[in-house]
Trainee: 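Got a structure for you, questions after.
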Protein chains: 2
Amino acid sequence: MELIGHSVTGSTNIHADAEYPVRAHVRKARVLLTVECLAFSFQYDALKILLFKGGSNGLNKWSFAQAVVGENESPDDTARCLMRGSTGISTAFLEQLHTSDGIIKLPGERVVSVTYISLMNGFKLDENAGNNLGNKWFHLDKLPKLRNDQREMINCAINHLRYKAALHPLLFELLPDRFTIPQVQNLYDSVYNAQIDKRNFSKRLLSTGLLIKTADKDRSSKKGASYYQLNKDLYNPRSLSLIKLLPNLHTFTGR
Amino acid sequence: MELIGHSVTGSTNIHADAEYPVRAHVRKARVLLTVECLAFSFQYDALKILLFKGGSNGLNKWSFAQAVVGENESPDDTARCLMRGSTGISTAFLEQLHTSDGIIKLPGERVVSVTYISLMNGFKLDENAGNNLGNKWFHLDKLPKLRNDQREMINCAINHLRYKAALHPLLFELLPDRFTIPQVQNLYDSVYNAQIDKRNFSKRLLSTGLLIKTADKDRSSKKGASYYQLNKDLYNPRSLSLIKLLPNLHTFTGR
DNA sequence: TCAAAAGTGTTTTGTATACACCCATGA
DNA sequence: TCATGGGTGTATACAAAACACTTTTGA
């Protein structure tokens with residue numbers, strides 16, 4: 001560690017005294033900056049996570065989407081570009097989860113990775129997009145063999161997603177522009193691995209005022225469920241104001 | 001951006017096709033990694049933020065604690081070391097807020113900064129510690145002249161602190177080992193710039209089960225307020241389970 | 001006509017809020 | 001004895017939870 005600019009003498013380290021010892025000569029780290037995306041989507045009534053074959057692990061191992069941050073890019077840019085490039089669609093919601101400690105990975109090179117959680121709209125995905133790129137969407141209960149630290153990262157990301165989505169209307173990013181209430185409930189049931197009471201869920205959902213009923217119905221079921229749209233005037237997945245869509249908010253736990 | 005390891009041919013960029021264009025040659029960024037700490041404490045019944053004179057802004061300007069991440073340090077290490085070195089006490093709570101875009105600051109050098117929010121225990125602070133190091137704790141309503149982006153960062157950090165503390169028992173880190181209920185309330189009133197009803201606040205506070213009453217009293221008031229301690233078995237400032245200490249949780253807003 | 005899924009309402013229970021008085025003590 | 005700050009209780013209103021039946025329609 002080297003303190004920045006707190007010196008009036010030109011010395012780089014005015015705190016190197018007996019009481020608050022700081023190493024006198026710290027070699028400044030120049031690091032290779034990468035991003036890593038844990039990408040989720042909702043397809044076929046289930047939450048999916050995106051994995052790639054042939055990552056830094058080895059050619060036949062699965063891992064997350066990763067990219068090196070270019071000289072003229074921000075990490076956010078890189079993450080968006082990575083996701084677009086590897087799925088063909090834009091990221092609906094992107095958030096930094098954590099910046100890694102920067103353990104030595106490549107020989108002689110320190111790599112610091114910014115980990116993102118990324119929500120991709122499964123309904124905009126081309127069915128075949130990415131198949132030739134070696135990526136695949138996995139059901140969370142049907143994951144391939146992964147390193148333990150990768151499993152942990154997935155758990156961490158899911159917990160984060162559940163946490164955020166319990167408080168904010170984040171998950172609508174995973175739905176098409178028009179959706180039905182049973183569809184929303186399937187999404188929440190899938191994310192929380194739960195069976196939420198449909199009467200109470202629909203009451204909570206409608207009471208947010210975020211949904212606008214349309215005249216059309218989804219005709220894939222016998223009775224047909226009404227389509228709803230988001231009220232764009234109110235909807236903001238990043239809003240700090242809290243919504244409540246889940247019962248027993250204080251008791252939910254991880255998978 | 002350069003994708004990592006998704007190539008079976010050795011080329012660095014298998015996605016450089018017409019459909020998903022990616023620049024064919026991206027210069028990998030080697031960046032100087034720094035940390036920046038927005039540190040809060042609770043002193044004299046008010047929330048304070050730590051600023052340093054003579055930061056990267058210039059010798060007579062105030063700014064946040066900053067340090068370069070050393071070769072053998074993680075950013076978290078650096079942040080803790082920075083805070084300990086500049087205040088004499090350990091950080092009670094540390095959390096990454098954001099990793100910056102890494103705009104060019106120093107000539108020819110790209111600097112990426114990991115911003116932290118840091119809670120320091122004001123009751124463990126040596127009254128004079130740091131005075132000779134050019135740091136000072138400022139009341140949030142009595143800040144010195146700062147750059148606009150620094151003001152924004154402070155607002156962002158306060159909003160984040162309020163958000164987290166409204167949901168989790170984070171603020172106890174700012175109190176001494178033994179504290180009184182009126183003291184906790186002063187803390188919350190200060191953080192939220194509010195006057196919370198003391199009867200309801202004390203009910204909520206005690207109903208969490210986090211507090212254990214001791215036999216002793218603080219004798220600085222006439223009647224004397226009972227000292228409480230945290231129930232270490234239950235207390236976890238990072239716990240994902242939610243507590244409610246504030247009224248109208250869904251409506252609170254920033255300063 | 002029946003099976004499948006959508007849609008809706010009420011009762012009960014619990015929790016948040018608003019609000020005001022008594023208590024203990026040092027000065 | 002009185003001013004100061006600590007401590008408590010209750011009635012009311014609101015919100016959450018539990019719970020079951022009716023509707024629509026394609027097969």
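Numbered from 1 within each chain, the chains take letters A, B, ... in sequence-line order.
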Trainee: Taking atom P of dT15(C) as reference, at what distance in whole Å does atom NZ of K244(B) sit?
Mentor: 12 Å
Trainee: How many Å lie between CG on L206(B) and P on dG6(D), as a whole number?
Mentor: 14 Å
Trainee: Within the modelled atom types, does a donor on one side and an acceptor on the other bring the side chain of D197(A) and the base of dA17(D) under 3.5 Å apart?
Mentor: no
Trainee: Just compare dA27(C), dT8(D), dT25(D) and give me whichever is closest to any side-chain atom of K222(A).
Mentor: dT25(D)
Trainee: For the pair made of CD1 in I196(A) and C1' in dC19(D), what is the distance, rounded to whole Å?
Mentor: 17 Å
Trainee: Please confirm whether any donor atom in the side chain of K223(A) sits under 3.5 Å from an acceptor in the base of dT23(D), or the reverse.
Mentor: yes
Trainee: Using only heavy-atom distances, decide whether a donor-acceptor pair under 3.5 angstrom links the side-chain of R199(A) to the base of dA20(D).
Mentor: yes
Trainee: Starting at CZ of F201(A) and ending at P of dA6(C), how long is that distance when rounded to a whole Å?
Mentor: 13 Å
Trainee: Rounded off to whole Å, could you give me the CD-to-P distance for the Q185(B) and dG5(D) pair?
Mentor: 14 Å
Trainee: What's the closest nucleotide to the K213(A) side chain, out of dT8(C), dA6(C), dT17(C)?
Mentor: dT8(C)
Trainee: Looking only at side-chain N and O atoms, does S90(B) offer a donor or acceptor that is under 3.5 Å from a partner on R84(B)?
Mentor: yes
Trainee: When you look at M120(B) and L50(B), which way does the side chain to side chain contact (heavy atoms under 4.5 Å, CB included) test go after all the steps?
Mentor: CA-CA 10 Å; M120(B) 311 296 292; L50(B) 185 66; 5.8 Å; no
Trainee: Please give, in whole Å, the distance from dT12(D) P to N200(B) CG?
Mentor: 16 Å
Trainee: Return yes if a side-chain donor-acceptor contact under 3.5 Å exists between S220(B) and D218(B), otherwise no.
Mentor: yes
Trainee: Return yes if some donor-acceptor pair links the side-chain N/O of S86(A) with the main-chain N/O of L82(A) below 3.5 Å, else return no.
Mentor: yes
Trainee: Give the rounded distance in Å between these two atoms: CZ of R204(B) and C1' of dT8(D).
Mentor: 16 Å
Trainee: Give T180(A) one of three labels, base, sugar-phosphate or nothing, depending on what nucleic acid heavy atoms sit under 4.0 Å from its own.
Mentor: nothing
Trainee: Would you indicate, yes or no, if dA6(C) has its OP1 or OP2 atom less than 4.0 angstrom from a side-chain nitrogen or oxygen of S226(A)?
Mentor: no
Trainee: Pick the nucleotide of DNA chain D nearest each of S221(A) and K198(B); which residue has the one closer to the 5' end?
Mentor: K198(B)
Trainee: Which nucleotide wins on minimum distance to the side chain of K203(A), given the candidates dA17(D), dT8(D), dA18(C)?
Mentor: dA17(D)
Trainee: To the nearest angstrom, how far is L242(A) atom CG from dA15(D) atom P?
Mentor: 15 Å
Trainee: Should we count NZ of K164(A) as having more than 12 external heavy atoms under 6.0 Å?
Mentor: yes
